[in-house]
Amino acid sequence: AEAWGIADVVARYWMRRGFDVLHPVGWDSFGLPAENAAIKRNEHPATYTYANIETQAESFRRYGVSFDWSRRLHTSDPEYYRWTQWLFLRFMERGLAYRKNSAVNWCPNDQTVLANEQVVAGKCERCGAEVTKRELTQWYFRITEYADRLLDDMKDLEGSWPERVLLMQKNWIGRSQGAHVDFVVHDSKVTVFTTRPDTLYGATFFVVAADAPLAEELCAPEQRAAFEAYRDEVRKLSDIDRQSTDRPKTGVSLGVTATNPLNGEELPVFAADYVLAHYGTGAIMAVPAHDQRDLDFAREFGLPVRVVVDTGEPDPAETGIATVGDGVLVNSGPLDGLRKDEAIAKTIEILAERGTGEGAVNYRLRDWLLSRQRFWGAPIPVVHCGACGEVAVPDDQLPVLLPADMKGADLQPKGQSPLASNEAWVNTTCPSCGGPAKRDTDTMDTFVDSSWYFLRYCSPSYDEGPFDPAAVREWMPVAQYVGGVEHAILHLLYSRFFTKVLHDMGMVDFTEPFSALLNQGQVINQGKAMSKSLGNGIDLGQELSVYGVDAIRLTVVFAGPPEEDIDWADVSPTGSVKYLARVARLATDVAALTGDARDESIDKATARVVDEVTRLTEAHRLNVAIARLMELTNALRKGVDGAAPGAASLRDGVAALAVMLSCYAPYTAEEVWSRLGHDVEGGDSVHDSSWPSADPALLVEDTVVCVVQVAGKVRDRLEVPPSIGEDELRSLALASDAVVRALNGADIRTVIVRAPKLVNVVPV
RNA sequence: GCGCGCGUGGCGGAAUUGGCAGACGCAACGGCUUUAGGUGCCGUCGCCUUCGGGUGUGGGGGUUCGAGUCCCCCCGUGCGCACCA
């Protein structure tokens with residue numbers, strides 16, 4: 001279901017339970033969509049953005065969501081991005097924001113760099129264009145410094161975050177345990193990372209990533225022409241082509257050898273594209289017997305295959321299948337006879353003694369590239385001075401405002417930030433020496449804006465810092481976060497990183513921002529997504545006009561578990577409309593009853609449903625909770641239509657129903673409340689009432705139905721007291737006509753008794 | 001290729017620790033009310049049936065007194081990662 005639908009039920013439930021609930025709303029309003037629209041319309045992005053937000057806010061209001069509109073914020077407001085910039089400067093002070101030159105992901109369509117996380121299957125996450133590489137100097141956040149903590153702290157989230165999200169983050173961070181091993185090429189040290197130092201004696205060649213600067217450095221003069229031709233071919237390949245796994249291995253000899261630090265062996269060095277420049281050190285020792293990729297390469301180039309771990313499997317040189325499992329070391333000098341784990345430890349020990357290597361941990365995670373060559377984002381608050389270099393804009397000069405006079409064609413992407421062409425904006429004075437200087441013209445990735453917004457909600461107009469520490473102490477961390485799984489490794493990882501940094505800065509006293517996470521599904525139509533993100537309810541808006549708010553809300557939540565997508569083609573708001581009308585009629589009929597008669601069966605039905613709906617709501621089993629409310633409605637209807645209605649019990653039942661329903665169908669619930677005689681106009685609202693409680697005495701059943709099986713098949717049902725003893729139940733079951741008939745004279749082997757619910761009579 | 005998840009009526013979906021499969025609703029069908037019905041009420045609704053019952057949760061096997069639920073294999077499907085050394 002839609003995020004607002006789920007979150008609103010949960011928020012209203014806790015409000016009814018008497019908690020102070022912070023249920024905020026806001027807009028992550030910087031970003032490419034607004035900028036592209038502004039170019040098309042020849043406007044400033046702000047014009048488009050804020051008009052659009054008003055439309056969406058209007059739409060949100062129609063859903064009757066219990067947002068606290070007084071805390072509403074927009075990340076593109078100067079009073080918000082002032083603090084985004086302020087936080088950037090704090091990161092910079094701590095060495096967590098830095099600039100480096102590197103090959104980066106480049107979207108040729110949006111004309112901007114992208115973070116690793118924003119490249120999906122080789123394509124731009126936003127526009128789908130094939131991503132290419134560019135050599136550029138860019139700003140990064142040093143998220144890799146927090147890799148271990150991001151990984152280790154996940155244990156605090158287990159059970160309250162979806163396992164899938166934790167797994168995705170774990171894979172994304174990709175910690176591998178291994179060793180750095182120093183080889184020698186000519187006279188210089190070349191280090192590789194390996195997870196299998198135990199196989200060092202099995203290395204028969206050495207490979208450097210063709211596109212790594214290292215390949216060029218190592219190349220012998222006589223191989224230079226061949227190498228450059230190969231490298232240029234590799235560079236032409238797109239990421240997608242390069243990543244397809246079943247390509248034959250290619251490469252070129254660099255005409256040099258690398259010395260194995262363990263046995264002194266000279267290994268031929270190749271440049272190849274199956275080794276990645278940006279993982280590990282961009283170079284590997286190749287052990288074809290025990291690594292499939294190395295084996296493929298060895299067979300392609302006729303290189304030797306030497307088994308050093310006997311796994312009991314056939315010879316890789318013959319089968320073409322590398323053996324990667326555990327086994328006993330052979331052909332490995334001092335390692336012979338050891339098992340894999342022992343050999344790994346022993347190798348690291350030997351390498352350390354000789355000073356030619358050490359145990360090491362490597363991550364798949366890379367630093368977060370945060371600068372963008374686009375206009376509609378928070379400007380990076382740095383000034384470049386010929387004399388002083390990179391100089392932070394002083395806090396009291398924040399925010400560095402976006403120019404208000406750029407629009408349309410001024411924003412056309414041209415490979416560098418549109419801000420660069422605005423000389424009045426770019427040219428400034430150095431805060432340090434006072435000399436002429438230029439502003440950094442890049443803006444920040446919008447994921448920076450959204451990495452701390454939840455903190456701002458606690459004190460949205462605080463102006464002495466990004467947030468009021470006292471307010472954050474009161475409200476944070478977020479008790480229940482609701483969002484789509486598409487944020488698993490972007491927003492959710494970045495926010496965790498930010499929180500940890502803020503913790504280290506002493507600004508917050510917790511290390512995880514979101515204590516519990518619910519991944520809601522979305523509303524789709526005939527198998528296709530129709531509302532891409534939270535807030536786009538345009539399609540539902542039409543339905544809402546036809547069926548009414550409550551019917552749409554109920555339909556969305558009742559359709560299935562919150563985590564699942566709802567196909568609008570599968571559900572019918574008509575059913576919800578009828579149900580709500582039925583509840584309203586019930587209220588009228590019950591209000592018309594007089595007297596104080598009670599009916600225990602009604603009281604019990606109410607108590608049972610209150611108890612179950614309470615538990616189901618807390619477990620976010622909202623579709624089942626609605627089913628229980630419908631059952632209660634049916635029971636109350638029968639009570640009203642019965643011969644001797646228990647008026648007082650029915651009134652209490654409908655009142656409890658109204659309060660529970662107020663989380664799902666707030667308008668109908670208020671109407672019911674009013675029909676029951678509450679002075680809604682005078683301020684007696686169902687939305688200020690307390691969640692009903694179930695009298696434990698009413699939850700105790702007088703009798704329970706005991707199922708009697710013969711050979712596992714149900715043959716009879718007995719009404720018995722819940723406290724019935726095993727022996728008594730056994731005799732009762734054996735005396736049953738249906739059981740006697742089913743046994744048909746057969747001898748009994750055993751009788752399983754699970755009092756009071758079940759008896760299973762097993763014949764021989 | 002590797003990893004994770006999911007397969008229940010015509011449909012959406014229910015089913016504590018293994019213990020009445022199909023709650024609740026949609027659609028459909030029959031009846032009553034109605035001038036009328038996109039209303040309301042009553043009823044039927046997995047499949048087969050000689051009306052006793054038999055059978056049934058993707059397929060096959062296993063554990064168990066008992067399996068939708070646990071284990072193994074297979075099929076289908078969705079998602080994540082994808083040359084990560």
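The chains referred to below are lettered A, B, ... by the order of the sequence lines, with proteins before strands, and numbering in each begins at 1. Since this is a predicted model, take the numbers as computed values, not measurements.
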### Task
Tell me whether the OP1 or OP2 atom of B:G25 has a side-chain N or O from A:S576 closer than 4.0 Å.
no
What pairs of nitrogen or oxygen atoms, one from the protein and one from nucleotides 62-71 of chain B, lie under 3.5 Å apart?
residue	atom	partner	partner atom	Å
B:C65	O2'	A:N760	ND2	3.4
B:C65	O2	A:N760	ND2	2.6

### Task
Return the value, rounded to whole Å, for the distance between atom CD of A:E631 and atom C1' of B:A14.
10 Å
### Query
If only side-chain N and O atoms of A:R585 are considered, is one of them under 4.0 Å from the OP1 or OP2 phosphate oxygen of B:C41?
yes
### Task
Starting from C1' on B:C11, measure out to CD1 on A:I566 and report it in whole angstrom.
15 Å
### Query
Should A:D611 and A:R608 count as an ion pair when the cut-off is N to O under 4.0 Å?
no
### Query
Is any side-chain N or O of A:K249 under 3.5 Å from a base N or O of B:C83, one able to act as donor and the other as acceptor?
yes
### Query
Do A:F205 and A:F297 have their ring centres less than 6.0 Å from each other?
yes
### Query
Will you find, in the side chains of A:N760 and A:R754, an N or O donor that is under 3.5 Å from an N or O acceptor?
no
### Task
Could you please spell out the steps behind the salt bridge (charged side-chain N to carboxylate O under 4.0 Å, His left out) verdict for A:R306 and A:E265?
CA-CA 13 Å; A:R306 187 190 307 145; A:E265 204 172 341; 2.7 Å; yes
### Query
Considering only B:C81, B:C83, B:C24, which nucleotide approaches the side chain of A:N634 most closely?
B:C24
### Summary
Which of B:C83, B:A82, B:G53 is nearest the side chain of A:R741? It is B:G53
### Task
Would you please confirm or rule out a distance under 4.0 Å between OP1 or OP2 of B:A82 and any side-chain N or O of A:N171?
no
### Query
Among B:C4, B:A14, B:G25, which is the nearest nucleotide to the side chain of A:R628?
B:A14
### Among B:G12, B:G53, B:C41, the nucleotide that comes nearest once only the side chain of A:R715 is considered
B:G53
#### Entry: Per A:F558 side chain, nearest of listed nucleotides B:C20, B:G25, B:A14
B:G25
### A:R364 CZ to B:A85 P, straight-line distance once rounded to whole Å
10 Å
#### Entry: Lys/Arg N to Asp/Glu carboxylate O, A:D273 vs A:R247, below 4.0 Å
yes
### Query
When the distance from OH of A:Y547 to P of B:U39 is rounded to whole Å, what number comes out?
12 Å
### Query
Between A:K578 (NZ) and B:A27 (P), how many Å, whole number?
5 Å
### Task
Please report, rounded to the nearest Å, how far the P atom of B:C79 is from the CG atom of A:N519.
15 Å
### Check ion pair A:K249-A:E300 (N to O, under 4.0 angstrom)
no
### Task
Return the value, rounded to whole Å, for the distance between atom CZ of A:R582 and atom P of B:G38.
20 Å
### Query
Can you check whether A:N623 has a side-chain N or O nearer than 4.0 Å to OP1 or OP2 of B:A14?
yes
### Query
For B:C2, which nucleotide is its Watson-Crick or G-U wobble mate, given both distances must be under 3.5 Å?
B:G80
### Query
Who is the Watson-Crick or G-U wobble partner of B:G25, with both distances under 3.5 Å?
B:C11
### Message
Looking only at the side chains, is there a donor atom on one of A:T281 and A:T191 sitting less than 3.5 Å from an acceptor on the other?
### Response
no
### Query
Looking at B:G25, B:A85, B:C26, which one has an atom nearest to any side-chain atom of A:S572?
B:C26
### Task
Look at A:E631 together with A:R628 and state whether they make a salt bridge at an N to O cut-off of under 4.0 Å.
yes
### Query
Between B:U77 atom P and A:D565 atom CG, what is the distance in whole Å?
19 Å
### Query
With no angle test and no hydrogens, is the base of B:C4 tied to the side chain of A:R164 by a donor-acceptor pair under 3.5 Å?
no
